[in-house]
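Heads up, the thing below is written out as structure tokens.
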Amino acid sequence: MSSVARSESDLPIQPLYDGAALDGFDADAKLGAPGRFPFTRGVYPSMYTGRPWTMRQYAGFGTAKESNERYHELVGAGTGGLSVAFDLPTQMGYDSDEAIARGEVGKVGVAVDSIDDMRTLFQGLPLDKVSTSMTINAPASTLLLMYQLVAAEQGIAGNQLTGTIQNDVLKEYIARGTYIYPPKQSLRLISDIFAYCHKEIPRWNTISISGYHMAEAGATPAQEIAFTLANAKEYVRTAIAAGLDVDDFAPRLSFFFVARTTLLEEIAKFRAARRIWARIMREEFHAKNPKSQMLRFHTQTAGVQLTAQQPEVNLVRVALQGLGAVLGGTQSLHTNSYDEAIALPTQKAARLALRTQQVIAYETDVTKTVDPFAGSYVMESMTDELEAAAVELIQAVEDRGGAVAAIEQGFQKSEIERSAYRVALEIDNAERTVVGVNKFALDEEEPYEPLRVDPQIEADQCERLEALRGERDNHGVLRALDDLRAAAEGTDNVLLPMREALKLRATGGEVAHALRDVWGAYVPLETF
Ligand SMILES: C[C@H](C(=O)O)C(=O)SCCNC(=O)CCNC(=O)[C@H](O)C(C)(C)COP(=O)(O)OP(=O)(O)OC[C@H]1O[C@@H](n2cnc3c(N)ncnc32)[C@H](O)[C@@H]1OP(=O)(O)O
């Protein structure tokens, strides 16, 4: 007799599911119709039969000019939305010419120091037609305002802009690491962004609450959705406490998850996450607008599952992962390039990654009908079990005082580390097969020529900053930064004085330093 397997979340997977699995299953309560509470079957009634997901490839490196060329190539190749990767100094609120930035300028993304770089980055791209995602967290407000100012120069109003800022600082403390200010001040800044966007950029997705990075750090699917939704609850609570109406900001909350090669569990994960969030929003936060209850999400295929050995095999992994995201009802998708385990993707690899999505969208039949797995014995069982496991973990976070208190106790991080350790052990013991690594390895790997970022970029970026500081109205900039400090000390929305400073060509580093002066910088506790 075959044995019961364990899923990635350490839940049982039976060798056979039959009708007994759905005994007493209340399809109306658990599934509803697509586009209706509890949104298990997807957030839109027609899903991909009405419109395909957004093919949104994360890209950016070197200078704004080079990244702009890559975006034009991607748009030409049929990508549906842009997704900007910023370099580490930009993400940490430092300018390219600061000592701490040395060696990092333009490396993992594009360097954007001021509105001048932002203008170059989007040269020739129609900002009223393309939706732009920006993976920026602690300095999210700064980059969003630069984007809005550049759009205004093109005659495009805030209410015509669509896109997303990641802006999810809580997961930075847990897994990703690009935090600047302490949690309390970070949450205040996020509430200011919610309020500002509601008035000025109403179609913008103000946050992308992310499980992806926790999953890459080792979180299981159940932990991934639980810790993400627990963070989301913290944001909602903070915004409500700041006086915002839940239905004014919740329709623009968005999410971001991983897609692993374990297809069935991943599809169940996406369905369970939608159902849990809909209930939280309706029952706990009394959101009335159905849009406030809809969990809309972006997906990226699992980088951690890619291998440097036999990198072409990654193409196959990515195709399966992407398929899982689509079967799970994603709104937007990034498929990784096969060479990402080695270096920044080459142009050819980036194109193949997009082609993978296009094959799923236009050559398979999975887009022709909504939520094709609904009613499947195994899928509904796994969805229920994942839901129960995640709800229990969300409660464990709440019992510790909510996401921030749990972060300060090191709870999420240590749970994730335990899961990561289990997987590492299984790979080492060959209990878990990784094709081309601990099984089916080659004696000799074929040579591979990775893309390298030109070190000259840093010098050029510093030169541009020197010129900017020589040309602009420095007195005006200093005054505007003082106004920003004053708002940060009080309760006024900081985005308004921040916008004035950026318009006068204050740099991202100067803005972040002004806020650091008032709010301080976050120092992790010993338990980290
Ligand atoms: C690893 C790396 C790192 O660490 O550095 C990262 O983080 S990379 C992280 C990269 N992150 C990202 O790229 C995040 C991307 N996120 C997003 O794009 C968003 O947050 C999203 C998930 C909500 C997806 O937004 P989107 O604009 O692409 O897609 P939407 O689903 O909102 O669809 C766009 C519009 O079409 C409408 N629409 C779509 N489908 C339908 C349908 N079937 N029927 C009717 N209407 C539909 C929507 O209502 C919406 O209009 P309306 O708006 O009027 O309702």
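Residue numbers run from 1 in the order of the sequence given. Predicted model only: the values in this text are computed from it and were never measured. Whatever order the structure lists ligands and atoms in, that order sets their numbers, starting from 1.
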* Asked: With a cut-off of 6.0 Å (strictly less than), are more than 12 heavy atoms of other residues, nucleotides or ligands near CD1 of Ile427?
  ->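 Above 12, so yes.
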
* Asked: Is any NZ, NE, NH1 or NH2 atom of the basic residue among Glu265 and Lys269 found under 4.0 Å from an Asp or Glu carboxylate oxygen of the other?
  ->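 No salt bridge links Glu265 with Lys269.
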
* To do: Using a strict 4.0 Å threshold on nitrogen-to-oxygen distance, state whether Arg274 and Glu387 make a salt bridge.
  =>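 Looking at Arg274 and Glu387, the cut-off is not met.
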
* Asked: Quick one: which of Phe270, Trp277, Trp53 gives a ring pair (Phe, Tyr, Trp, His ring centres under 6.0 Å) with Phe297?
  ->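 When ring pair (Phe, Tyr, Trp, His ring centres under 6.0 Å) is applied between Phe297 and each of Phe270, Trp277, Trp53, only Phe270 qualifies.
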
* Asked: Hey, would you say the Tyr147 and Phe122 ring centroids sit under 6.0 Å apart?
  -> yes

* Asked: Do the two ring centres, one from His298 and one from Tyr212, sit under 6.0 Å apart?
  -> no

* Who's touching ligand 1 if we go heavy atoms under 4.0 Å? ->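 Residues Tyr44, Ser46, Met47, Arg51, Thr54, Arg56, Tyr58, Ser83, Ser133, Thr135, Thr164, Gln166, Arg176, Asn205, Tyr212, His213, Arg252, Ser254, Phe256, Lys291, Arg296, Phe297, His298, Gln300, Gln331, Ser332 each place a heavy atom under 4.0 Å from ligand 1, listed by chain and number.
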
